[in-house]
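In the text below, chain A, chain B and the rest are named by the order of the sequence lines, each starting its count at 1.
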2 protein chains.
Amino acid sequence: MSKRHVSLKTIAQALNVSMSTVSRALRNHPDIGPEVTRKVQELARELQYTPNPLAIGLLKDKTNTIGVIVPDLVTYFFSSIISGIESMANEHGYHIVIRCSYESYDKEKECLQDLLRLRVDGIIMCLAQETQDYTHFDTVLESETPLVFFDRVCRSNEVATVVVDNQEAARRITRHFFESGYRRIAHIAGPAQLNITRERIEGYKQGLAECNLPFDANLLAYCDLSIASATAATQQLLALATPPMLFSGLMIRRPSRP
Amino acid sequence: MSKRHVSLKTIAQALNVSMSTVSRALRNHPDIGPEVTRKVQELARELQYTPNPLAIGLLKDKTNTIGVIVPDLVTYFFSSIISGIESMANEHGYHIVIRCSYESYDKEKECLQDLLRLRVDGIIMCLAQETQDYTHFDTVLESETPLVFFDRVCRSNEVATVVVDNQEAARRITRHFFESGYRRIAHIAGPAQLNITRERIEGYKQGLAECNLPFDANLLAYCDLSIASATAATQQLLALATPPMLFSGLMIRRPSRP
DNA sequence: TTGTACGCGTTATCAT
DNA sequence: ATGATAACGCGTACAA
């Protein structure tokens, strides 16, 4: 018997009533007499009673826990996302358990298994860079544990994903510039082989087209995403006059087969 | 009955043995016959059985969970500390639940209560900037939940703390420079009213003394910790020749009354 | 060597 | 209006 925590039994014995009476009184069950209810609640407050979430979890098969796996805890991108998740989870009575894959495939598998073992009610994660094989998510799907990928995703017809919609973002920002009165809108792109680069350029062109602006290859610069090369590209464009900008938008994509 | 998870009962029924036999077989208890043990373990693997931590937690009054409260999840200082905690916790079979106080006193109290309610096995936290009153830690101490403060601390004779030992760090780095052959060692300090400033200056002077170097007021510059003012202070010192450096060391301080 | 029974804290069902 | 009991999943002291 743990004396560390007070339980229904503690209160029941102190008041010479049954545990079920205490349980109901605390939840304001109408069947319980007002006098008994008052006494029980008073003692509960005094003793700082809080229901044991383990017991409730066992009974209801629900932990109110969301598992979060990120490749890296320190990078601003991820820590800010964790911050958002924590905030939302909290607001809805959940708490989050953080795990880090360190961009490792093996570690990612381990984290995943650990979270399932914990009986988390759901998992939100970003794939590790190393991960090429996606079969370890079979276990998660079979367990029917809700799963959401963000940023780096896979198996997107089976799993809900949250990703930056690069094309839409580039399209919108291009239009935004146009609507703000600008007519020579440039774009600094990343490495040509990346998807995000292609998507953004596509959105950029789409935006231009929607605004009836011609596409001018001189206004499309490339960089390797390093600060130095971005600076160079900027200066190259500045020589042509108008400074370019690029924002990103966020889109939630639901699985096509739910 | 949850069909989501397989339990000892599931295996017991399938094999026509009792739950306790299964329980023991899985833990390689010597009392169980090798044949039965093999069968049980085989089926357990096949069914992907994992013990329910809620049940074990309830039984042992232990959750293997460490609660972590930080004022801010996004700042590098905190996210890197969380990363370290996660890593260590993990290595020792614990998982961590993250909560953020957003530098708010009320939120901090709330986080603390939530973690206690969760029955975490211990709490690691950094005080919110707003927090001036420290009585809300009474509850934690009474519950005998292990508590550790880091960086910003209070009630340090009752609670274990982990803080940067500014004085020792400044002393050591000063000696380090001396031992590396340098004889004119400067120091850039922060705002004069801060404790950390005083401590570092103290250590700096102590280091100089230990090396039999005279303290030269010209080699002590001040800044307000902003990049701009630190730059200015650096340039001021550079005019005098030797570029200064300042590192920090880490020390673990145990409560004086354990 | 294996099974039975109890307890951990809670809720829900069924009696009283 | 209140109490006894079962069930959630597990470990263990005790019985066989």
Side-chain angles (χ1 to χ4, degrees), chain A residues 1-41 43-44 47-65 93 116-121 143, chain B residues 1-41 43-44 47-65 93 116-121 143:
Chain A
M1 96 201 54
S2 70
K3 62 164 179 292
R4 274 190 59 202
H5 299 289
V6 348
S7 70
L8 290 184
K9 189 194 280 183
T10 320
I11 300 178
Q13 287 172 343
L15 261 46
N16 252 321
V17 292
S18 76
M19 287 170 48
S20 23
T21 300
V22 176
S23 174
R24 284 183 275 233
L26 287 174
R27 324 179 84 224
N28 283 311
H29 195 293
D31 279 359
I32 303 297
E35 187 58 18
V36 180
T37 301
R38 199 189 50 73
K39 271 189 158 174
V40 167
Q41 297 195 351
L43 186 59
L47 262 42
Q48 309 220 63
Y49 167 81
T50 62
N52 189 322
L54 296 179
I56 299 180
L58 194 54
L59 203 56
K60 303 244 175 105
D61 195 25
K62 180 151 198 286
T63 53
N64 276 293
T65 300
L116 289 182
R117 263 196 281 277
L118 270 184
R119 270 62 172 172
V120 295
D121 291 337
S143 76
Chain B
M1 92 202 57
S2 70
K3 62 164 178 294
R4 273 190 59 204
H5 299 290
V6 349
S7 70
L8 291 185
K9 190 193 281 182
T10 319
I11 300 179
Q13 289 171 344
L15 262 47
N16 255 324
V17 293
S18 75
M19 285 171 52
S20 35
T21 300
V22 177
S23 173
R24 284 184 274 236
L26 287 174
R27 322 179 87 227
N28 283 311
H29 195 292
D31 280 358
I32 301 298
E35 187 58 20
V36 180
T37 301
R38 198 190 50 73
K39 271 189 159 174
V40 167
Q41 296 194 351
L43 185 59
L47 262 42
Q48 310 220 62
Y49 167 80
T50 62
N52 189 323
L54 296 177
I56 298 180
L58 196 54
L59 203 57
K60 303 244 173 103
D61 196 25
K62 180 152 196 284
T63 54
N64 276 295
T65 300
L116 290 182
R117 262 195 281 276
L118 270 185
R119 270 61 172 175
V120 295
D121 291 336
S143 76

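- Separation of atoms CG (Leu8(A)) and OH (Tyr49(A)) is listed at 3.5 Å; rounding is to 0.5 Å.
- Looking at residues 23-35 of chain A, you'll see Ser23(A), Arg24(A), Arg27(A) sit with a heavy atom under 4.0 Å from some atom of DNA chain C.
- When rounded to the nearest whole Å, the span between CG of Leu59(B) and P of dC8(C) equals 10 Å.
- Separating the CG atom of Asn52(B) from the P atom of dG11(D) is a distance of 10 Å, rounded to the nearest angstrom.
- Rounded to an integer number of Å, the gap from CZ of Arg117(B) to P of dT10(C) is 13 Å.
- Here Ser20(B) does not reach the OP1 or OP2 of dG3(C): none of its side-chain N or O atoms lies under 4.0 Å away.
- In this structure, His5(B) places its NE2 atom 15 Å from C1' of dC10(D), rounding to the nearest Å.
- The closest side-chain donor-acceptor pair between Thr50(A) and Arg119(B) falls under 3.5 angstrom.
- In this structure, Arg119(A) places its CZ atom 9 Å from P of dG9(D), rounding to the nearest Å.
- Sorted by residue number, the members of residues 9-19 of chain A with any non-hydrogen atom under 4.0 Å from DNA chain C read Lys9(A), Met19(A).
- Note: Thr21(A) OG1 to Ile32(A) CD1 = 5.0 Å, rounded to the nearest 0.5 Å.
- Inter-residue side-chain proximity for Pro53(B) and Ile56(B) is flagged as unmet; no heavy-atom pair is nearer than 4.5 Å.
- Separating the CG atom of Asp61(A) from the P atom of dA12(C) is a distance of 15 Å, rounded to the nearest angstrom.
- For the pair Leu58(B) CG and dG7(C) C1', the interatomic distance rounds to 9 Å; values are reported in whole Å.
- Here Ile56(A) lies in heavy-atom contact (under 4.0 Å) with sugar-phosphate atoms only.
- Side-chain contact check for His5(A) versus Asn52(A): every heavy-atom pair is 4.5 Å or farther apart.
- Comparing the helix axis at one end of the helix from dT1(C)-dA16(D) to dT16(C)-dA1(D) with that at the other, each defined from 5 consecutive pairs, gives an inter-axis angle of 60° (nearest 10°).
- When rounded to the nearest whole Å, the span between CG of Leu8(A) and C1' of dG9(C) equals 7 Å.
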